[in-house]
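To keep things clear, I will list the structure first and then write my remarks on it.
For the single chain, residues carry numbers from 1 onward in sequence order.
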Amino acid sequence: MIKINAGTYFIGTNNPVIVADGEGPKREVILDSFYIDKFEVSNEEFATFVKNTGYVTEAENFGDSFVFEDLLTQDMKNKITKTVAQAPWWMPVKQASWQHPEGPDSNITYRMDHPVIHVSWNDAIAYCNWMKKRLPTEAEWEVACRGGLTDRLYPWGNKFMPNNQHKANIWQGNFPTKNTEKDGYKGTSPVTMFPQNKYGLHNIVGNVWEWTADWWITRHSSDQQTNPVGPSSGNDKVKKGGSYLCHKSYCYRYRCAARSQNTPDTSAGNLGFRCATSA
């Protein structure tokens, strides 16, 4: 884990790209020291948790989870009769789970160092509790993402590919029909891939969305807050960082200030997490 020292930081932005997501305003937060995982939780780590506890994820209990269509075999696609109306490239796949990310004809044998996916917020909490950790608050996550920089789009600055270097696993090409895979990956990448930010965190944007502790709201006070934890209740939980499916033309959310949400029992093939703990 990486220690982020207590201090006064800024989160949010006064130049929101997706206004409806509640990216603004820029606001000051005072945080106590905390630790955050250097890497996203991997399949190998989650497998150890399951082996030791017998834990069954919500996707396994529900019997299906959402998978991006381009990652499925034709045989799997032929078995699917319904899709998500607003995003037809998302397909509910029977028996898709963290162990079988693209359905029963897939496995994670050669992806043990990739982030665990198809994990709900509730699953992430179960893992964190077992590790005697917790999920980061949205404020902690965003401060960690920014790597000590102020008013920058990305963890490393404002230019997405400085010196033509790929610094995150996102979609290249035309979404959702053509992924050129110029960064080397069609789906997830190992949690250790891509250069870390100045705090030493890898894949804090791109690769997989990461759950945070906070309930979702879009109206934020501009007042200074100390260790904010979000509202006391809600319907959706905040996820941060974007994923390998994000593209500037569709889901420009691989920015530190960007945010999105899902219900706590949602799982998908681009949704994972990393843990935090108070110092």
*Mind running side chain to side chain donor-acceptor pair (under 3.5 Å) on S278 and R134 for me, showing each step along the way?*
CA-CA 9 Å; S278 302; R134 58 177 174 79; 3.1 Å; yes
*Distance, nearest 0.5 Å, that separates CD1 of I2 from NZ of K198*: 15.5 Å
_Tell me the closest heavy-atom pair linking P155 and I204, and the distance in Å._
CG-CG2, 3.5 Å
*Derivation and outcome, side-chain contact (heavy atoms from CB on, under 4.5 Å), residues D21 and R253*: CA-CA 10 Å; D21 282 352; R253 292 184 175 93; 2.7 Å; yes
_For K77, is the NZ atom crowded, meaning more than 12 foreign heavy atoms sit under 6.0 Å from it?_
yes
*Closest approach of E181 and Q172, non-hydrogen atoms and distance?*
C-OE1, 3.6 Å
*Measure the spacing between CD of E28 and CD of Q225 and express it to the nearest 0.5 Å.*
11.0 Å
_side chain to side chain contact (heavy atoms under 4.5 Å, CB included) partner of R255, chosen from K240, E23, R152_ = E23
*Just by modelled atom types, is the W171 backbone N or O under 3.5 Å from a matching donor or acceptor in the N179 side chain?*
no
*Decide yes or no on side chain to side chain donor-acceptor pair (under 3.5 Å) for N262 and D236, but give the supporting numbers first.*
CA-CA 5 Å; N262 279 116; D236 294 332; over 6 Å; no
*How about L71 and Y244: do any of their side-chain heavy atoms sit closer than 4.5 Å?*
yes
*Taking everything shown except Q86 itself, do over 12 heavy atoms lie less than 6.0 Å from its CD?*
no
*Side chains of N122 and S120: do they bring a donor and an acceptor to under 3.5 Å?*
no
_Stepwise side chain to side chain donor-acceptor pair (under 3.5 Å) check, D123 with S267_ = CA-CA 9 Å; D123 298 332; S267 62; over 6 Å; no
*For T212 and V238, indicate whether the former's side chain and the latter's backbone hold a donor-acceptor pair under 3.5 Å.*
yes
_Heavy-atom pair of closest approach, residues P101 and S106_ = N-OG, 3.4 Å
*For atom CD of E44, is the number of surrounding heavy atoms from other residues, nucleotides or ligands below 6.0 Å larger than 12?*
no
*Output the distance between atom OG1 (T53) and atom CG (N129), rounded to the nearest 0.5 Å.*
11.5 Å
_Let me confirm one number: the OG1-CE distance from T48 to M131, rounded to the nearest 0.5 Å._
9.0 Å
*When you check the gap from the basic side-chain N to the acidic O, do D70 and K186 get nearer than 4.0 Å?*
yes
*Members other than Y185 in its cluster, when Ile, Leu, Val, Met, Phe, Trp, Tyr link by side-chain heavy atoms under 4.5 Å?*
M193, F194
*Validation row: T266, W121 side chains within 4.5 angstrom (heavy atoms)*: no
*Do C275 and C128 have their SG atoms under 2.5 angstrom apart?*
no
*Between the main-chain N or O of E210 and the side-chain N or O of R274, is there a donor-acceptor pair closer than 3.5 Å?*
no
*Hphob cluster co-occupancy, F39 + V205, side-chain heavy atoms under 4.5 angstrom*: no
*Quick one: does H100's side chain have a donor or acceptor within less than 3.5 Å of a partner on D105's backbone?*
no
*Would you say the side-chain atoms of N207 and S189 include a donor-acceptor pair closer than 3.5 Å?*
yes
_For T109 and N107: C-alpha separation, side-chain torsions, deciding distance, then whether side chain to side chain donor-acceptor pair (under 3.5 Å) applies._
CA-CA 6 Å; T109 303; N107 62 65; 2.8 Å; yes
*Going by heavy atoms in the side chains, are T180 and K182 under 4.5 Å from each other?*
yes
*Report yes or no: does E140 contribute a side-chain atom to a donor-acceptor pair with the main-chain N or O of T137 at less than 3.5 Å?*
yes
*Could you tell me the separation between the CG atom of D113 and the CG atom of N43, rounded to the nearest 0.5 Å?*
8.5 Å
*Carefully, step by step, assess E102 and R111 under the rule salt bridge (Lys or Arg N to Asp or Glu O under 4.0 Å).*
CA-CA 13 Å; E102 294 81 48; R111 285 185 263 179; 2.7 Å; yes
*Considering non-hydrogen atoms only, spot the tightest contact between V67 and L72 and give its length.*
CG1-CD2, 3.6 Å
*With Y55, the ring pair (Phe, Tyr, Trp, His ring centres under 6.0 Å) member among W98, F49, W130*: F49
*Mind checking the OG1-CD1 spacing from T8 to I30? Nearest 0.5 Å is all I need.*
4.5 Å
_From CA spacing to verdict: side-chain contact (heavy atoms from CB on, under 4.5 Å), K167, Q165_ = CA-CA 6 Å; K167 285 183 167 279; Q165 183 185 22; 3.6 Å; yes
*Count the heavy atoms of every other residue, nucleotide or ligand shown that sit under 6.0 Å from CG of N235, and state whether that count exceeds 12.*
no
_My understanding is that only one of Y127, W211, W141, W209 makes a ring pair (Phe, Tyr, Trp, His ring centres under 6.0 Å) with F273; could you say which?_
Y127
*Carefully, step by step, assess D151 and K26 under the rule salt bridge (Lys or Arg N to Asp or Glu O under 4.0 Å).*
CA-CA 9 Å; D151 285 332; K26 180 180 175 181; 2.9 Å; yes
_Apply side-chain contact (heavy atoms from CB on, under 4.5 Å) to residues R259 and E138 and explain how you reach the verdict._
CA-CA 9 Å; R259 53 206 300 274; E138 181 177 9; 2.6 Å; yes
*Give a yes or no on whether F175 and Y254 share a hydrophobic cluster (residues Ile, Leu, Val, Met, Phe, Trp, Tyr; joining criterion: side-chain heavy atoms under 4.5 Å apart).*
no
*Please go through V229's hydrophobic cluster and name the other residues, only I, L, V, M, F, W, Y counting, with side-chain heavy atoms under 4.5 Å joining them.*
none
*Do the side-chain N and O atoms of E60 and T57 include a donor-acceptor pair separated by under 3.5 angstrom?*
yes
_Could you check whether any side-chain N or O of N169 sits under 3.5 Å from a backbone N or O of G206, counting only pairs where one atom can act as donor and the other as acceptor?_
no
*Within the side chain of H202, is there an N or O that forms a donor-acceptor pair under 3.5 Å with the backbone of T192?*
yes
*Minimum heavy-atom separation for K132 to T277, with atom names?*
O-OG1, 4.3 Å
*asked:* Please check this pair: side chain of W156 against backbone of R146, looking for a donor-acceptor N/O pair closer than 3.5 Å.
replied: no
*Shortest non-hydrogen contact between K237 and P264, atoms and distance*: CG-CG, 4.0 Å
*asked:* Evaluate F160 against I170 for side-chain contact (heavy atoms from CB on, under 4.5 Å), listing each step before the verdict.
replied: CA-CA 11 Å; F160 185 67; I170 64 162; 3.5 Å; yes
*Is there a donor-acceptor pair under 3.5 Å between the side chain of N197 and the backbone N or O of G200?*
yes
*asked:* Quick one: does any side-chain atom of H220 pair with a main-chain N or O of G22 as donor and acceptor, under 3.5 Å?
replied: yes
